[in-house]
Amino acid sequence: MAAGYGLRPVQRGGAGYQTAGFIELPIDKGSYGTPIFNGDTVLYDKTNDNNTTGINVSNAVTGALAIGVLVGARWVDSTGTPQWGQRYDGNAGNTEAMAFVAPNEGTIFKVQANVAWEQKYVGWKNLLVVGAGGNVKTGNSSVTIALDAADGASATIVVVGPADASDTSTTPDVLVRWTAAGIGQQLG
């Protein structure tokens, strides 16, 4: 299997497979020059530095509380042309940038793991592994999970089960949900 694709929403309470839904939030103007890939965790920055608030990419490994996962974006590029994408391109000359975010709370996500699946991983609390950015061709994040390194003390996610119990690869897809400690303050 290819190297990582980030977090993919697969189910939300009361919804069917692949209907997790998303919310649209502004990208922090101070972060316009930072790319965000599909499957990256994001946080909502309410510090209001330089009169800017909005979505920033979040490194959930270091404990930054995520509100959700980027599933796409729209913006106006430096030539004034509206753009839509599976990822946000991170051009500082962009304007009107908005992120489509699948909220963490109540959503089950699929993510690639680093070792072959064993039933013992159900219920393990883990941290995400953030690779180097993402793939600019596909727009996918490099976020994965290290199944063989459970970390209950500062875990942001918990393993729910395998996406396919018959998958015998060394990089299986697993289903995860966020721990209460890993979810940032929701808006509203």
Side-chain angles (χ1 to χ4, degrees), residues 1-12 15-28 31-43 54-62 64 66-79 81-104 107-117 126-147 156-157 159-160 162-164 166-178:
M1 183 171 282
Y5 52 79
L7 291 152
R8 294 279 181 251
V10 294
Q11 189 171 17
R12 185 154 176 83
Y17 194 78
Q18 291 293 348
T19 59
F22 59 83
I23 55 178
E24 183 178 32
L25 298 167
I27 294 175
D28 181 357
S31 297
Y32 274 13
T34 304
I36 309 173
F37 292 89
N38 186 300
D40 278 344
T41 58
V42 294
L43 58 85
I55 295 298
N56 286 317
V57 68
S58 163
N59 182 345
V61 173
T62 61
I67 64 160
V69 173
L70 186 90
V71 294
R74 67 177 176 88
W75 64 94
V76 176
D77 69 16
S78 59
T79 68
T81 305
Q83 302 290 327
W84 290 264
Q86 178 165 297
R87 69 179 177 96
Y88 173 67
D89 73 349
N91 185 324
N94 292 340
T95 61
E96 303 174 40
M98 300 293 284
F100 304 125
V101 178
N104 286 347
T107 303
I108 302 292
F109 293 92
K110 179 173 71 170
V111 66
Q112 187 178 0
N114 68 331
V115 295
W117 173 257
N126 289 85
L127 294 172
L128 295 171
V129 177
V130 178
N135 185 318
V136 295
K137 266 188 156 173
T138 66
N140 291 338
S141 168
S142 60
V143 171
T144 60
I145 182 177
L147 277 180
T156 54
I157 58 172
V159 177
V160 175
D164 177 0
S166 65
D167 185 352
T168 58
S169 74
T170 57
T171 56
D173 294 330
V174 297
L175 303 176
V176 298
R177 68 173 172 74
W178 286 78

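Just so you know, residue 1 is the first one in the sequence shown, and it goes up from there.
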From CA spacing to verdict: side-chain contact (heavy atoms from CB on, under 4.5 Å), Val101, Phe22: CA-CA 5 Å; Val101 178; Phe22 59 83; 5.7 Å; no
side-chain contact (heavy atoms from CB on, under 4.5 Å) between Val159 and Ile145, worked out: CA-CA 10 Å; Val159 177; Ile145 182 177; 4.0 Å; yes
Which is it for Thr34 and Ile27 under the side-chain contact (heavy atoms from CB on, under 4.5 Å) test, yes or no, and what are the steps along the way? CA-CA 10 Å; Thr34 304; Ile27 294 175; over 6 Å; no
Under the criterion side-chain contact (heavy atoms from CB on, under 4.5 Å), I'd like the reasoning laid out for Val136 against Arg87: C-alpha separation, chi angles, the key distance, then a yes or no. CA-CA 8 Å; Val136 295; Arg87 69 179 177 96; 3.9 Å; yes
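For the atom pair Leu25 CG and Phe100 CZ, the distance stands at 10.5 Å (nearest 0.5 Å). Atom OG1 of Thr41 is separated from atom CZ of Phe109 by 10.0 Å, given to the nearest 0.5 angstrom. Atom CG of Leu175 is separated from atom CZ of Arg8 by 14.0 Å, given to the nearest 0.5 angstrom.
A donor-acceptor pair under 3.5 Å links the side-chain atoms of Tyr88 to the main chain of Tyr32, judged by distance alone. A distance-only check finds no donor-acceptor pair linking the side chain of Asp77 to the backbone of Asn94 [under 3.5 Å]. In this structure, Asn126 contributes its side chain and Ala146 its backbone to a donor-acceptor pair below 3.5 Å. Side chain of Asn140 to main chain of Phe37: no donor-acceptor pair is present (N/O by atom type, distance under 3.5 Å, no hydrogens or angles).
Minimum heavy-atom separation, Asp40 to Ser141: OD1-OG, 2.6 Å. Nearest heavy-atom pair, Ile108 versus Val160, reported as atom, atom and distance to 0.1 Å: CD1-CG2, 4.0 Å. Between Leu70 and Ile36, the shortest heavy-atom contact is CD2-O, 3.4 Å. Residues Asn38 and Val71 approach most closely at ND2-O, 3.0 Å, considering heavy atoms. Closest approach of Lys110 to Val10, counting heavy atoms only: CB-CG1, 3.8 Å. Smallest separation of non-hydrogen atoms from Pro162 and Trp117: CD-CZ2, 3.4 Å.
Shown here are the side-chain hydrogen bond (donor to acceptor under 3.5 Å, both in side chains) partners of Thr168, two or more places apart in sequence or in another chain: there are none. Partners of Thr81 under the side-chain hydrogen bond (donor to acceptor under 3.5 Å, both in side chains) rule, at least two apart in sequence or in another chain, are Thr79.
Under the 4.5 Å side-chain criterion, counting only non-hydrogen atoms from C-beta, Leu128 is in contact with Ile157.
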